[in-house]
Each structure stands twice: as C-alpha cells, then as structure tokens.
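Report on one structure; see the data block that follows.
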Amino acid sequence: MHTIRRNGARAPWPTRLGVAGGVLGLLLTTAACGGDDGGGGAAADGGTTREDGPVNMRFSWWGSDTRHAATQELIDLYESQNEGVTIEGDFTGFADYWDRLATSTAGGEAPCIMQQDTRYVREYADRNALLDLSPYIEDGTIDNSNLDENVAETGMVEDATYAIPTGVNAFSVVIDPQAYAAAGVEVPDGESWTWDEMVETAAQVTQATGGQVYGMQAMGLNGGDTNFEVYAREHGEALFDENGEIGFTQETLVDWWNIEKQASESGAEPPPSTTVEVFNGGVDQALVATGRGASGFWWTNELPALTAGAGHELQFLRFPTEEGNGETGMYLKPAMFWAISSDCESPQEAAMFLDWLINSEEAVNIIKADRGLPVNTELRDQIAPTLDAPGQAAVAFVEEITPDLQDPPALPPQGAGEVQSILQRYTEQILFDQISVEDAAEQFMTEVESAIA
C-alpha cells in the first residue's frame with residue numbers, strides 16, 4: 001500500500017470543489033492504495049483474465065443522458081463480443097463525478113476504467129492511482145499508431161503514459177449569425193478581429209436589440225480558465241509552465257479581467273445577476289442556445305447541443321487577438337481521457353477494452369463525436385460524413401485551424417482542478433463590483449499558489 005504524501009504531509013484527494021476534510025479526510029487515514037507495480041513502469045501484468053474465469057470490471061464516466069445511453073451500448077456490444085467479460089457501468093453528472101471518484105479511489109475502490117480530465121491526470125498519476133499504460137503500448141495491447149499526433153502524448157507524465165485521449169476539441173467562439181443579422185451588425189472576421197472589436201460589436205448587438213439579445217456571454221465563467229489560458233498563451237505566457245508553476249504575470253490577468261469588466265459595463269454582456277444565472281444553467285441555458293445571445297465561448301464538441309437549442313445553424317470563430325493578426329493561443333485539447341486504475345485486478349483486460357474504445361470502428365460509430373472528434377485520425381475521417389451538420393462543422397473547423405495552433409500545454413500540476421472554481425468566484429466578485437480587478441488578480445495568484453503547493 002502506498003501512503004501518498006506531498007511536502008511531508010498527507011494531501012487530500014482532488015474534488016471538483018477542492019474539498020478537504022470530512023469524509024475524505026477520514027478516508028485518507030488509510031490513503032490511496034496502489035499496487036507496487038501501479039504507475040511504476042513495470043512489465044505489463046495480465047492480472048485476472050478471462051482464462052481464469054469471469055472478469056468483472058467497473059467503468060466510470062460523467063456526462064449527459066445521451067452519453068450514458070451510448071456508453072451502455074458500447075458496454076453491451078463489447079460484452080457480446082468478449083465472452084467472460086462483464087463491465088459494470090457507473091456514471092454521474094460532471095458536478096458529482098470528481099467527489100465520487102476521489103472518495104472511491106481514496107478508499108481503495110477506484111473503478112477499473114475511468115474517464116479522466118486534463119486537470120486531474122497528473123494528480124492521480126503522482127499519487128500512484130493510475131496504471132502506467134506504457135508496457136501495454138509497447139507490447140501492442142494498446143495500439144497508438146493512428147492517434148492524432150497533436151495530442152497523442154498529452155497523457156504522459158515524465159516518460160510514462162497514464163492516460164489516452166478519447167478525442168480532440170478546441171475552445172472556440174460560437175456565434176449566432178442570425179442574431180448579428182437581426183441587429184444589423186456585421187459578423188467580425190475571425191482571422192483578424194481583436195478583443196476590443198469583440199466587445200464593441202457585442203455591445204452594438206445588445207444596443208440594437210434593446211437588450212433582447214446580448215452580444216456575448218461572460219468569458220470569465222464558462223470555461224473561464226481555458227479562456228484566460230488562450231489569452232495568456234497569445235502573449236507568450238501560460239496558465240502553468242512545464243514545471244507546473246504559474247506561467248502568467250499578474251499584469252496579463254489584470255488585462256484579461258479588464259476586458260471582461262468592459263464587456264459587462266458596456267452592455268455587451270448581460271447584467272451580472274443574469275450572467276450568473278445563465279452560467280449555472282449550463283449549455284442548455286447558453287445565450288446562443290436560447291435565442292438570447294449572439295456569441296459565447298464553447299468547446300467544439302458542444303456545438304450539437306447549442307445548435308439543438310438554437311434551432312438553426314451556429315458558426316465557429318477563432319479567438320480574437322490583441323493585434324488582430326489571428327495568432328491566438330488556441331490549441332487542440334484532449335476532450336477527455338481514458339485511464340485505468342492502478343488497483344485494477346484485470347489490467348490486461350482493461351487495456352484491451354481501452355484499445356477497443358479508441359481503435360474499433362464499431363465503437364467510434366457509437367461514440368461519434370460525443371467525447372471529442374475521434375483521436376484515431378483514420379476513424380475520424382471515416383466517421384465525419386456520418387455526423388450531423390454541427391458535428392461536420394466541428395470537423396471542418398478543427399481541420400481548418402490545426403495548422404495555425406500552438407502545441408497543447410503540459411499537464412497541469414496537482415491542485416489545478418481548483419483553478420476553475422477560484423477564477424469563477426473572483427470573476428463574479430469583479431462583475432458585482434465587490435473587488436477591484438487588481439486586488440482580484442493578486443488574491444487569485446495567491447490562492448492558486450496555495451492550491452498547487
């Protein structure tokens with residue numbers, strides 16, 4: 001059993017809200033347990049296989065009802081093709097997923113196969129809670145030969161691979177061309193628009209419609225940490241550097257938050273109370289999904305849900321830039337990851353299932369683009385014509401922008417999962433005039449330093 005410590009103290013498991021103490025604190029008296037070969041790069045171990053008798057594995061993921069149904073279809077198909085293997089589905093919404101995963105992992109009952117997120121891969125790997133997949137790649141159990149080279153190694157920590165991307169997407173600006181047309185405002189040129197132009201045109205939409213349609217949704221809430229990350233990378237900085245330290249200056253954060261503040265004060269965004277209400281409603285209540293807004297910041301794989309709400313075609317734009325030169329800090333991101341627990345009793349079987357998820361045409365035909373555009377580029381090309389119009393638009397947009405994108409950032413450090421909620425909290429305080437931008441930036445950096453210490 002490994003007792004995981006950091007800086008001499010037992011570290012609490014990561015949860016969505018950064019909860020430490022309570023039930024998790026009690027669980028951590030036993031710490032997160034991992035086998036001696038879990039995460040150490042040892043030779044591939046088959047563990048319990050179907051030759052030994054029935055194999056049972058738990059598979060955990062987060063998502064919508066649509067994803068739950070599709071994933072259960074995946075499980076049913078795999079079980080029908082692999083006699084002796086039973087996979088137990090264990091799913092929840094994103095809001096509860098990380099608390100549940102942290103609790104089960106700390107208690108030595110982690111799911112054998114799990115969805116993972118960029119914010120947490122390093123943390124779980126550093127705690128020896130994830131299986132090193134390198135031996136299973138080396139012996140051919142997991143075939144990574146057709147994975148998108150832009151993200152193929154994003155699940156690596158030092159020289160070990162702890163997670164495989166499910167697919168790729170990009171954080172982008174989604175606009176409603178009909179909203180711009182109704183307001184008599186020209187849609188900006190996505191290859192040359194500036195942050196100032198974004199706010200100005202959004203304010204024009206709000207003014208022209210008498211506030212019936214707002215020009216943009218608040219950039220500091222939904223995906224705010226990624227939005228700021230793109231801004232920082234445009235300026236040669238980063239959210240975190242390769243050493244896991246803060247990679248941006250306080251001045252850059254102040255500049256970015258001032259754009260948000262200007263958008264709110266000019267009417268480009270809704271009033272703060274409406275902004276918070278819209279944010280809490282998720283993708284279903286997004287301004288562009290409800291006919292109440294002309295633009296917002298969303299992942300490319302969220303376009304189908306946004307389009308379904310809007311009832312008409314929406315459009316992607318690249319992020320604006322300060323100079324209007326189109327050289328943004330955008331990058332392709334693993335939509336999420338597949339990973340295997342270091343406590344999995346059937347690691348060989350789990351690796352075979354993971355390989356099937358990323359390389360089987362049957363699996364991709366079920367998943368389609370729900371977990372990002374397929375990471376297997378050959379299967380991505382095959383699946384593209386079968387996608388609905390928003391899915392095909394996402395494929396086309398990603399193909400268009402990929403040559404101009406920066407490399408993905410390194411996996412963030414332990415504690416990075418708290419950054420999003422910290423940034424959202426200070427953004428709300430700024431919008432409600434409860435704190436100055438300068439003070440918020442200083443306190444934000446202090447809190448983040450503490451979170452990753």
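All values below come from the heavy atoms of this structure, side chains included, with hydrogens, waters and symmetry mates left out. Keep in mind that this is a model prediction, so the values were computed, not measured.
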Before we go on, tell me: are the rings of [X] and [Y] under 6.0 Å apart, centre to centre?
{"X": "W298", "Y": "F171", "result": "no"}
{"X": "W98", "Y": "Y120", "result": "yes"}
{"X": "F319", "Y": "Y231", "result": "no"}

Would you check if there is a donor-acceptor pair between the side chains of [Y] and [X] at a distance under 3.5 Å?
{"X": "T49", "Y": "E51", "value": "yes"}
{"X": "W195", "Y": "E323", "value": "no"}
{"X": "D439", "Y": "Q443", "value": "no"}
{"X": "T141", "Y": "Q348", "value": "yes"}
{"X": "D143", "Y": "N359", "value": "no"}
{"X": "Q420", "Y": "R119", "value": "yes"}

Run the side chain to side chain contact (heavy atoms under 4.5 Å, CB included) test on V288 and I175 for me, step by step, so that the C-alpha distance in whole Å, both residues' side-chain angles and the decisive distance to 0.1 Å come before the verdict. CA-CA 7 Å; V288 294; I175 70 162; over 6 Å; no
Apply side chain to side chain donor-acceptor pair (under 3.5 Å) to the pair D76 and Q72, showing each step before the final yes or no. CA-CA 6 Å; D76 293 342; Q72 188 58 54; 3.0 Å; yes
Side chains of [X] and [Y]: does their closest heavy-atom pair fall under 4.5 Å?
{"X": "Q250", "Y": "E442", "result": "yes"}
{"X": "V173", "Y": "W193", "result": "yes"}
{"X": "M114", "Y": "L101", "result": "yes"}

Salt bridge or not for R380 and E399, using N-O below 4.0 Å? no
So, E123 and R127, do they make that salt bridge, N to O below 4.0 Å? yes
Going through the distances and angles, do E269 and Q217 end up as a side chain to side chain contact (heavy atoms under 4.5 Å, CB included)? CA-CA 6 Å; E269 296 175 0; Q217 189 162 327; over 6 Å; no
Enclosure of Q81 CD (heavy-atom neighbours >12, cutoff 6.0 Å): yes
So, using side chain to side chain contact (heavy atoms under 4.5 Å, CB included) as the criterion, who are the partners of [X] when residues are at least two apart?
{"X": "R318", "answer": "E191, M330, F397, E400, I401, D404"}
{"X": "S60", "answer": "R58, D90, Y97, P111"}
{"X": "N243", "answer": "D241, E245"}

Can you run down the ring-ring contact (aromatic ring centres under 6.0 Å, His included) pairs that involve residues 349-385, sequence neighbours left out, and say none if there aren't any? F59-F353, Y78-F353, Y78-W356
Taking all atoms of both residues into account, what is the closest heavy-atom pair of S346 and V55, and its distance? OG-CG1, 3.5 Å
Pairs touching residues 346-372 that satisfy salt bridge (Lys or Arg N to Asp or Glu O under 4.0 Å), sequence neighbours left out: R50-E349, R67-D370
For the pair L147 and T377, evaluate side chain to side chain contact (heavy atoms under 4.5 Å, CB included) and give the outcome as yes or no after the intermediate values. CA-CA 6 Å; L147 302 192; T377 54; over 6 Å; no
Residue pairs passing the disulfide (SG to SG under 2.5 Å) test where at least one lies in residues 69-100, sequence neighbours excluded: none
